Amino acid sequence: MDDSSFKAMAAEIDGLLGIDEARCSGLRTDSVAVRGYRGVDKDTGSISFPIYQSATFAHPAFGQSTGYCYSRCGNPTRLELENTIAALEGGKKAMAFSSGMAAISCLIKLMKSGDHAVVSDDLYGGTYRLFSQVFSQYGLEFTYADLTDEAALEAAFRPNTRLVFLETPTNPMMKVADIAAVADAAHVHGALLAVDNTFLTMYFQRPFDFGADIVVYSGTKYLCGHNDVLSGFLVVRDEELIEPLFNAAMSEGNQLAPFDSWLMIRSLKTLGVRLRQQEKNALRIAEFLKSNPHVTEVHYVGSPDHPNYQRSLRQTTGFGAMISFKTDTKQRAVDALERTKLVLFAESLGGAESLMTYPLVQTHGSIPAEMRDALGIDERLLRLSVGIEDVEDLLADLEQALA
Ligand SMILES: *Cc1c(COP(=O)(O)O)cnc(C)c1O
């Protein structure tokens with residue numbers, strides 16, 4: 001890989017400079033998800049996109065290429081997944097990584113030593129650890145602020161702010177930021193807005209419509225939906241960001257493998273049916289939890305009494321299926337984790353299987369105690385990712401676990 005200039009490579013790899021929007025135009029989200037970007041394989045009629053399990057690609061002749069040379073730069077299965085994600089999101093180009101953290105690590109390569117980023121304070125613990133323990137060692141600065149509060153957001157900017165990293169709804173407290181307001185503020189200060197859209201996905205929330213520049217995913221969650229693949233994505237709205245991010249990704253080599261890319265292509269086909277069922281179940285479960293005498297607080301964006309319910313209605317087409325709630329005592333929270341039978345006590349979220357976690361020590365263990373206290377992440381807080389099981393069985397399981 002000596003002649004690795006982006007332009008030379010882009011000329012060879014179809015779709016590297018961005019997707020051809022016309023290919024999926026007129027199709028709605030569920031149809032794009034099922035068909036994929038290229039659709040049925042023209043040569044064989046294979047409905048399942050082929051797995052190109054190859055690290056390298058032969059040159060037909062000196063100075064010629066099939067469009068592919070080496071899988072770190074481009075792999076046909078990964079490219080089909082990336083292009084499908086870009087088409088679903090309404091972005092110009094998507095890049096698939098081996099995990100959500102790998103995608104976020106690549107995103108940070110847009111920053112240079114001395115640059116500053118404004119970050120949601122209530123965010124995934126692993127992202128906090130990556131910024132505060134790893135990237136802070138390389139001359140990058142991060143300010144954590146409540147991005148659902150416009151005054152707090154405004155106060156967090158500095159002259160060297162290059163990026164705003166927003167998670168909405170937040171994890172685990174389910175606060176909702178006004179994406180358009182955050183995008184406007186970022187742009188006024190000369191910064192880019194990246195939105196971690198893991199909780200709602202493009203199925204329910206489309207950050208590009210509100211001015212975001214980059215959408216970030218842990219694909220491990222709803223996009224995968226089966227708790228069996230780690231993956232991550234960056235999607236860019238405009239062509240200018242393709243080259244710096246592609247160069248970073250291609251140089252570092254954290255891309256998603258062909259087989260995992262194929263599993264993700266398969267997963268996306270059911271994104272809509274899974275999310276609709278998960279949300280339907282979550283609405284019932286949130287109501288049940290609110291009426292349970294041992295539950296003192298319920299945070300679900302889809303409850304009309306959620307403080308940001310109206311804001312959600314304005315910028316999303318659904319509420320997702322993440323619920324956090326507090327029990328009356330620590331012991332009851334611990335007992336509930338041990339007593340559920342259908343709901344599993346496990347980290348992660350978004351899959352067909354309902355999972356419950358204890359954010360204080362699991363997902364948010366790396367967040368400092370003062371920050372956790374200020375956010376309300378305490379020993380009585382549980383986070384539930386609602387799956388697609390029969391809701392009556394889920395309700396019965398939670399009822400006995402909380403009794
Ligand atoms: C899980 C998660 C991540 C990290 O993704 P991995 O795939 O686990 O590396 C980032 N952001 C959010 C919101 C997450 O839930």
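Order of listing sets the numbers, starting from 1, for every ligand and every atom in it. This one's a predicted model, so the numbers in the text were calculated from it and none came from an experiment.
- Checked by distance only, ligand 1 and M101 come closer than 3.5 Å through their nitrogen or oxygen atoms.
- The shortest heavy-atom contact between A248 and C106 is CB-SG, 4.0 Å.
- Residue T127 has no nitrogen or oxygen atom sitting less than 3.5 Å from a nitrogen or oxygen atom of ligand 1, judged on distance alone.
- When the heavy-atom distances from atom 11 (N) of ligand 1 to T363, T220, D196 are ranked, the shortest goes to D196.
- Listed by number with element, the atoms of ligand 1 under 4.0 angstrom from any heavy atom of S231 are 7 (O).
- When all heavy atoms of F57 and S71 are compared, the pair lying nearest together is CE1-OG, 3.4 Å.
- Using a 4.0 Å cut-off between a side-chain N of Lys or Arg and a carboxylate O of Asp or Glu, R284 and E287 do not qualify as a salt bridge.
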Working note: S46 + D41, criterion side chain to side chain donor-acceptor pair (under 3.5 Å); need CA distance, chi angles, decisive distance, verdict. CA-CA 5 Å; S46 172; D41 181 51; 5.6 Å; no
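- H364 and P172 get closest at one heavy-atom pair: NE2-CD, 3.3 Å.
- Of the protein's heavy atoms, K221 NZ, 1.5 Å lies nearest to atom 1 (C) of ligand 1.
- Atoms of ligand 1 lying under 4.0 Å from any heavy atom of T198, numbered from 1 in the order shown and given with element: 12 (C), 13 (C), 15 (O).
- At a 4.0 Å heavy-atom cut-off, ligand 1 does not touch S348 at all.
- Of all non-hydrogen atoms in A103 and G232, the two that sit nearest each other are CB-C, 4.0 Å.
- Under a 4.0 angstrom heavy-atom cut-off, G219 registers as lying outside contact with ligand 1.
- If you number the atoms of ligand 1 from 1 as listed, the ones under 4.0 Å from a heavy atom of S99 come out as 7 (O), 9 (O).
- Here the heavy atom of the protein found nearest to atom 6 (P) of ligand 1 is G100 N, 3.3 Å.
- N75 and Q255 form no side-chain donor-acceptor contact under 3.5 Å, judged by distance and modelled atom types alone.
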